[in-house]
Every structure is written in C-alpha cells, then in structure tokens.
Asker: 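Please read through the structure below; I'll follow up with questions.
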Amino acid sequence: MSTLKAHYRMDAPARETRIDRSMNSVIGKPQDRYEGPLKVTGQAAYAYETARNRKDALYGYFVLSTRGKARIIRLDSRAAEAMPGVRHVVRDARAVRGSADPSDNKPALIEDEVVHYGQAVTLVVADSFEVARAAARLVQVDYEPLDGDYDPKELTDTAYDPGDGAVPSTVTKGDFGAGFAAAEVTFDAIYTTPSQSHAAMEPHAAVAEWDGEDLILDGCYQLISTNVGQLAAALGMPKERITIRAPYIGGGFGGKLGIGAEAVFAALAARETGRPVKIALTRQQVFQMTSRRGETQQRIRLGATRDGRITAIGHETITSNCVGDQFFEPAGISTMFLYSGENRRITHRRTDANILMASSMRAPGEAVGMLALENAMDEMAEKLKIDPIEFRRRNEPERDPQDDLPFSSRRLVDCMDEGARRFGWERRPKRPGDLRDGEWLIGYGMAAASRKNMLQPASVRLTLLAEKGARIETDMTDIGTGTYTILNQIAADMLGLAPEDIEVVLGDSRLPQGPGSGGSWGASSSGSAVYTACEQAITALAKRMGADRSELGLANGNVIAGNRQVTLASLLKGEDLVIEATFEPGKAFKSTHQASYGAHFCEVGVNEVTGETRVRRLLTVAAAGRILNEKTARSQCFGGQIFGIGTALTEELVVDARNGLIVNHDLAEYHVPVNADVPQLEVVFLPELDPYASPLASKGIGELAISGVGAAITNAIYNACGVRVRDYPMTLDKVLAGLPAGHGPR
Ligand code: MOS
C-alpha cells in the first residue's frame, strides 16, 4: 500500500477546473442523503445511543445551581448516595462551565463559585436515569449569595469595548458624525432583539469510557479537534489520550461548537466509577445550561441624499455575555459591506451579566444584525418615497465599501430582481391597509440577505480501494447539513465512480483534521480537501497510465486517455492507493471580499382583531457560488426561512431579572415555529461560480437564508397594517397595541 501526500494552498482563483469539465455531473445534483437510510431506520447511533447495548453503562444526572452568582459553602450528598441504585456523586468538580466559543479554549473549572443560574454543580450517577434524577433532588447545596447582574437591559450604560473578536469591535471610515449631520435626509432608530435558544432536536449528550489512561468520548460536538483540546484542558490531561467520536449529530446551530459540561462530567464520573457513564441533558437543561444567543440593542443611523444615496451609515450594537466569556454577537457584520456610503461607523460593545453564556448561534451577527439594518433600510426608503428594492439598488457598492477590496462575486441585485419578478412585487399594496382578505390585512415585504463567506484549512484521507470504489475519512462532522453526501459527490464526480461505491467516514478525532461544522464553511473547506486529494489521485493515475493528467478522463470506473481506456482497478494492480491531502485558503481568499447573497420576499396576513401574524408566502432567491447539492442546500435554506419566522414572530428567551433563571426553558414555552406556522416555502438558486472562494467555486450557503428573513417578515407586517415594532419578536400584543383606533377589541 502506498501513501501519497497532497497539499494545496489556494493562492490563485480556480477557473475552469476539472469540475467544470466533468464527464460525470454528480456535483450539484440533488442526491439523497448518504446517511439517510441509516437515520430513518434508527441505525445511525447518536451520542447517547452509542451505549444502548451496554448493560454496564451508568446514568448521570446533573445538579444545577439554583442561584445566580453565589458561593457554594456546603454540598451534602449523603442522602443521595444512600438511595438504592446510586453509584456515585462527582466530587472533584463543583462547577464546570461549557465553552461554546471555539477560540476560547478553557472550559473553566471554577472552585466553589457559580456565576449563573443553572450552572452544573455536581453529577449523580446511578443504575438508571430515573434513580439518578430522583437522587439528584436529594443533594443539598448551601449557597452564600453574591451580588450579580441579571438584567442586561439595565447594563447598557456599562457597555465596554470588548476588543476584536471574530469581527473587529469597531470599524470606521470617513467621518460618520459629520456625514450624518450634513445629510439631506436622516434616519435614527434603536432596535432590540431578544436572547434565543439554539434548541437543536438532539439534546446535548455524552458517553464516556476509559481504557486505562485513554478516554473515549461519544459526543455531539461540531468542532471535534478543538473539542478534544478543550476536554483535555478541562481534565488536565494530554489531548493525545482523548478520542471524541460524533458521526451523527442531531443539529447544532452553534450550540454544540464547544465542549459541554456533560462531556467533562461524564469523563470524571467514568474515571471515578470505572464504568461507562452516559448523560443526556433534559430539554430544560439544554435551555438553562448550554448557551444562548445574546440579546442585542442596535442603533442604526442612516444619512442620505434626497435621491436616495447613502452618505453616512452607522450601526452601534450592544450585547451581553456571562462574566468572563469572550464572545460577542457581531451584529454589525453585514453593515460593513452591504451598502455604499462614504462615512461609516460600526461598533460592537458588550456588557457583563450573570446569565448563561452567550455564544454563536446560526449566522452569528447577520441573523439579528440584519433585522435592524434591513428594517432601517425599509423605513428610510419610505421616508425617501423610494421603492425598497430601488433604494437598495441605488446603494449597491462596486467594491467593498470598507476595505475597498473587489467582491469575489455578488449577485444581490440579481437576487432582488429575480425575487421581485417571481413574487409579483408589483402587486405589493401601495399603503398599509390597502389589501385585505376578510379580517386579515395583507402585506408584502422584502429584505436583502448576506452572509460573510469563510474558508478553513482541512485535511482528508482518500483511499482508492483495490477491490472497488473509494473511501474518504476525516474528523469533519455532519450536523444534519449534508457533509457526508457532498464529500461523496465531489469524489464520485472527480474520480468517475458511482456514489454508492464511495464510503464516507466522519466524526472521529483520530482521522485527519477537518474544519468542523460552523460558520457555513464546512462544505467548501472539507470539500476542497477532497478536491485536493482527488487531484493528486488523478496525477498518480495519469503517471501510471503514461498520460498527461490534463487529458485524463475518469468515468464509470474507467480511466481514459486519448483512445486508451482501462479500468481504475487495473491501474491499482491489487493495491490500495492512499492519499492524505490538506487544503488551505491563501491569497485568493484574502485578495477579495467574499459573501453569499440573497433576497427574501414575504407575504403576511395580520389579523386586525387579534394582531396575529400569519406568514402566507416566503420566497428566498440566493446566490452562493456553485451549489454542491441542490437538495441539501435547499434544505438548509428552508431551515433558515423557518428560523426567521420564529425570530420575527415568537422566539424569545425570558430571563428572570432577579437571578438569571431562564423562565421559558422548554419547547412548550419557548415558541419555535411548528408546521402550522410555516407556509409553502420557495427557494431559488441563481447560477454562480466563485473562483476565488474555493476550488469548487462554492461559497457558504447554510446560514445565508436565516440572514435577513425576519426583517422581510416584519417589513411585510408594516406594509400590511402600518405597525412598525422595533422590539423583536413581533408578537401579537405589540402589533395590536400599534393598530389604529377602530381596529382590535378596544
Ligand atoms: Mo454556526 S452558529 O457557526 O454553528
């Protein structure tokens, strides 16, 4: 068996690649999910289920802090330990907090002190889940209360510059103050968005087992290699001794980016009991002890000429996090590049609170920042008496208005125009109240979508199997996004193999390091590593064939050069060919500004009696480079649209301002959209190739559709009934309060 190495740093744009000349056309097809049959037949074992046949596995149940900031002065577990079936109460870790920020490599072991309500204090381990849960109630924890800050709304005066995070904390250009003061028409408003919960379908879970000094952890984490380091740091052990496996993950949305307390405690408990220990959080615990999206307060100021050219654009944001946590919601990210304007000021400020950690959640930044920006654009368009699409078109920048870089590709205007045509934008009611259907007032709204494109280094191992087909291996995860399927398609297309003959193995930290799932970088980054490996395979096969690689064609398991055709198997001569490939972004990425773009169009009905909003139609037109799988990409966009319905209308974590308790900590009280809330959804992709974004010419798609969609919905509400609420979510009580006299029950 021979092993080849391949390395590709993308310094030049990738034009007219082998994929463009492909004889196979597998990439892009709406291929069914690779692991779909395993999932629908229950054979895909999620973290907690990996121990389903282990009779020796013990069950862990958390005792959580019932105070906000407090010192633990006594922890008495005698009554719990006396209960039949209880095996252990974890002692040497009193308060372990998760770490949701991938840059934050330290799930802190905090001695004696809890900093927020719901923080893990200890774990009870028993023969059954029920016994562990019952015994956990018997653990006595005595606290000495400490002064804490529980109401982020009260803290905005203390907001401070947190320093640069994933995006800079402050971005300026020109002189915003002077530009705004001199503008012919100005707009100035504050928007607020609430804290939200990721609420993934699969609750956080971990199963830990020790083999001597080595730990094997089955978990549900998005960034396995980072998570190994975090777990090693928490346990004070070398990361070489830790394996994390997560081949199937039931949704993450950012809530599983970092290692969680369940992993740390399962590991501790397994070590102390000498048995495998499994933990699954209850839904209430997921809400209260993992992480959340931070609430925001966002001031938008726009200055424009009377004919609608923006001259000054300001977006100042404040968000909170738990004391000591580094993340801030980068709510101003789109404002940095979406519209022109020579004077600019975008800031991110943070306050510290004693509330559950805030972390990345689905399109961190855009998902809530674009609510404010895209509402403000509509409000300004109305002030200027310009159609909202036309106003955006007039402020379409030729280059990135902040750093003056060329855009790698940008079809925002095309998305708006195509959307307007398909949606029938010309039938939009001219004024609120113009169109009705019985007691329902009908309105149309739109918003732009953008999501910054990201690309990460990634490695894979590709094995051309002497027998038949190929295998791809990487620690990259698939959190429901389609990684398995897309990597399979890329290899099938480039190697001329049938998709069913290519095995994809993911989610094991012993495999070559992928980028993990986050930031919509997964498909392009790990796909580019597969591309790199396939290119190397083609070079090797060309050599064996005595042909020039550029003339080599691969199709139907055959290798073709000129008028010669042999089977791939015959070139392998009974020996597997192994390629270890690493891809990394280079100058092509840095020399351009990269983002995916789209436009959302929404029709709502607002009930004039109850103030209730029903979304009647929702269309998203998107351009995100090459679409690698039409079905999985569309599915991601449906998810974003539905997320946006929740964001606009119902989702809000309610925090008890006395102690930081999350009051509505389950799916009965935290309202995500259900089927009845979701109309027929439509998603259209505009053809686009972005040679700067990746060798696949693809950009991120996963988080694009949530970006801006909530604003399209609330803009439609305004168009329907004339009520503009700048405090999300736009629940019926807020709409009703704004309806003109004569409407509603008053
Ligand atoms: Mo995503 S919020 O980067 O998992």
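Because the structure is a prediction, the values reported are computed rather than measured. Indexing begins at 1, ligand by ligand and atom by atom, following the structure's order.
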Asker: Show every donor-acceptor pair shorter than 3.5 Å between a side-chain atom in residues 255-265 and any protein atom, with sequence neighbours excluded, or say none if there are none.
Answerer:
from, atom 1, to, atom 2, distance (Å)
K256, NZ, E202, O, 2.8
K256, NZ, E202, OE1, 2.9
K256, NZ, G251, O, 2.8
E262, OE2, Y221, OH, 2.5

Asker: Non-hydrogen atoms closer than 4.0 Å to ligand 1: which protein residues do they belong to? List them by chain and number, please.
Answerer: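 Near ligand 1, by chain and number: Q222, F253, G254, L257, S360, M361, R362, P364, G518, G519, E703.
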Asker: Please identify each residue that fulfils side chain to side chain contact (heavy atoms under 4.5 Å, CB included) with Q513, with sequence neighbours left out.
Answerer: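 Only S225, D475 meet the side chain to side chain contact (heavy atoms under 4.5 Å, CB included) criterion with Q513.
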Asker: Under the side chain to side chain donor-acceptor pair (under 3.5 Å) rule, what do T335 and H315 come out as? Steps first, then yes or no, please.
Answerer: CA-CA 7 Å; T335 313; H315 193 170; 2.6 Å; yes
Asker: Are F253 and F643 near enough that their ring centres are under 6.0 Å apart?
Answerer: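 Yes.
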Asker: The criterion is salt bridge (charged side-chain N to carboxylate O under 4.0 Å, His left out); which residues satisfy it with K39, sequence neighbours excluded?
Answerer: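 In terms of salt bridge (charged side-chain N to carboxylate O under 4.0 Å, His left out), with neighbours along the sequence ignored, K39 is linked to E35.
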Asker: Can we say D218 and R245 salt-bridge, meaning some charged N sits less than 4.0 Å from an Asp/Glu carboxylate O?
Answerer: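 A salt bridge is present here (some side-chain N lies under 4.0 Å from a carboxylate O).
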